[in-house]
Amino acid sequence: MRIPTDVLAALSGRTKTDGHRLMLVGPRLAPTLYQRVNEVLEAVGGRWTKSEGAHLFPVHAAEALAPVLATGEVVTLGEKRTLAQYFPTPEPVVDQLIALAALEPGMTVLEPSAGSGAIATAAAARGAIVDCIERDPGYATVLSDTHVARRVQVADFLTVPAEPRFDRVLMNPPFTRGTDMAHVTHALRFLKPNGLLVSVMSWTVTEQTGSTTAFRKLVEQRGGLVEALPARAFAQSGTTVDTVLVTIPATRPADARPTVWPARDIPAQDAEELGNPADIAAEIVADLRKAVAAFEEVAAALTKPAPTTVPGDIEVS
Ligand SMILES: C[S@@+](CC[C@H](N)C(=O)[O-])C[C@H]1O[C@@H](n2cnc3c(N)ncnc32)[C@H](O)[C@@H]1O
């Protein structure tokens, strides 16, 4: 987006940087202006950090801000989400994904749509050797600067030639128009014969449709497992899309069980709130009767003779 002039003026005249820190100086900004300034700072990697009394950047704050000041343009997080399908994996989902992966220290892990590294960081913290691929150079830079990965490659993963050399593939790929199925299918080719892939995927893969048939068959043939994630698991990342965790071995295990695809549940509380269908029908009929009576009243009023108005006088009916 083009940055409004008042926001640009605040960014150039009311900020001071010191290494990775950026401080706002001078009189307090009006709350709405602050919000818009903060949106730009967040878009270039800044996070307000109370303990520092500053926005902290993964790189030098002045470096992060320079292109914004030079061009007067920024791609906001909202714009990035839509364009790049950037929805970072929240911590509870990362924990669940890592548990399914049965990671061991020293294992090699591929994160092929790594974003700024929510999954990669957790895998590295468990002693894994992590290679990352990310199409967006901005997120890739943020990830490189954390030094959690052995390698960060800026590339479109779908065009990266497969090499079966990883113990694990851990991923949360983009979902639009079934791209998650394309990403996961390609990612399976990077596993060693005894490897395991765990991916966040759209709920859509659980539904039997023309576009999911081949993928569902692949999961079933490999003895894959599918677990529903709680509703709104990604709300904090800006999407309410329903999601599942899919675990697929490189080779079907001898003791594999048939894949069970989860079904959508109506939470017990909602079911109770909906009540008995017969009561709901009776309520609808009563409401319709009330509406008909109201219409009849209006119709009756309209058939009465029209009121006569005397100019300059009060209305006489
Ligand atoms: C849903 S986000 C997940 C980010 C990260 N995996 C996480 O869990 O926090 C998807 C990421 O995939 C990246 N992406 C989209 N298409 C890609 C592609 N073809 N190749 C590599 N990365 C891609 C986006 O830039 C975005 O960072």
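As the structure lists them, so they are numbered: ligands from 1, and atoms in each ligand from 1.
Using bins of under 30°, 30° to 60° and over 60° for the plane-to-plane angle, the ring pair F190/H186 lands in the perpendicular bin.
Contact between E111 and ligand 1 is present, with at least one heavy atom of the residue lying under 4.0 Å from the ligand. Distances from ligand 1 to the non-hydrogen atoms of A120 include no value under 4.0 Å. Judged by the shortest distance from any of its heavy atoms, S237 lies outside the 4.0 Å radius around the atoms of ligand 1.
Counting heavy atoms under 4.0 Å from ligand 1, residue S116 does not touch it at all. Of all the heavy atoms of H183, the ones lying under 4.0 Å from any atom of ligand 1 belong exclusively to the side chain.
Set against the non-hydrogen atoms of G115, the atoms of ligand 1 under 4.0 Å away are 4 (C), 5 (C), 27 (O). Heavy-atom proximity to A155, at under 4.0 Å, picks out these atoms of ligand 1: 20 (N), 21 (C). Less than 4.0 angstrom separates some heavy atom of P174 from each of these atoms of ligand 1: 12 (O), 15 (C), 16 (N). Of all atoms in ligand 1, numbered sequentially from 1 with element shown, those under 4.0 Å from a heavy atom of P88 are 9 (O). The contact set between ligand 1 and I119, taken as ligand atoms under 4.0 Å from a residue heavy atom, comprises 8 (O). The contact set between ligand 1 and Q85, taken as ligand atoms under 4.0 Å from a residue heavy atom, comprises 1 (C), 2 (S), 10 (C), 26 (C). Taking every heavy atom of A114 and a limit of under 4.0 angstrom, the matching atoms of ligand 1 come to 5 (C), 6 (N).
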Check the pair D180 / S202 against side-chain hydrogen bond (donor to acceptor under 3.5 Å, both in side chains), numbers first and verdict last. CA-CA 7 Å; D180 50 344; S202 160; 4.6 Å; no

Check step by step if salt bridge (Lys or Arg N to Asp or Glu O under 4.0 Å) holds for R47 and E52. CA-CA 11 Å; R47 294 283 170 276; E52 295 278 335; over 6 Å; no

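The line from CZ of F57 to CG of L65 is 6.0 Å long, rounded to the nearest 0.5 Å. Distance check, rounded to the nearest 0.5 Å: CG of D242 to CG of L229 gives 9.5 Å.
Follow the hydrophobic side-chain contacts under 4.5 Å out from L191 and you reach I248 in the same cluster. Using a 4.5 Å cut-off between side-chain heavy atoms of Ile, Leu, Val, Met, Phe, Trp and Tyr, with links allowed through other members, L29 and W48 fall into the same hydrophobic cluster.
For atom 20 (N) of ligand 1, the closest non-hydrogen atom on the protein side is F157 N, 2.9 Å. Nearest to atom 11 (C) of ligand 1 among the protein's heavy atoms is S113 O, 3.5 Å. N172 O, 3.2 Å is the protein heavy atom nearest to atom 3 (C) of ligand 1. When only non-hydrogen protein atoms are considered, atom 9 (O) of ligand 1 lies nearest to T89 N, 3.0 Å. The closest protein non-hydrogen atom to atom 24 (C) of ligand 1 is A84 O, 3.2 Å.
Proximity of the aromatic rings of F234 and F175 is defined here by a centroid distance below 6.0 angstrom, and this criterion is not met.
The N/O atoms of E134, backbone and side chain alike, include one that comes under 3.5 Å of an N/O atom in ligand 1. For ligand 1, the polar-atom distance check against Y139 finds no nitrogen or oxygen pair separated by under 3.5 Å. For a threshold of 3.5 Å applied to N or O pairs, the pair formed by R135 and ligand 1 contains at least one separation below that value. In terms of polar-atom proximity, defined here as any N/O pair under 3.5 Å, D156 does make such a contact with ligand 1.
Heavy atoms from other residues, nucleotides or ligands lying under 6.0 Å from CD of Q208 number 12 at most. Summarising the local packing, CZ of R151 is surrounded by 12 or fewer heavy atoms from other residues, nucleotides or ligands at distances under 6.0 Å.
For the pair R168 (side chain) and M107 (backbone), a donor-acceptor distance under 3.5 Å is absent.
For the residue pair E220 / W261, a side-chain donor-acceptor distance below 3.5 Å is found, with atom types taken as modelled.
Counting heavy atoms from C-beta outward, T185 and F215 have side chains that approach closer than 4.5 Å.
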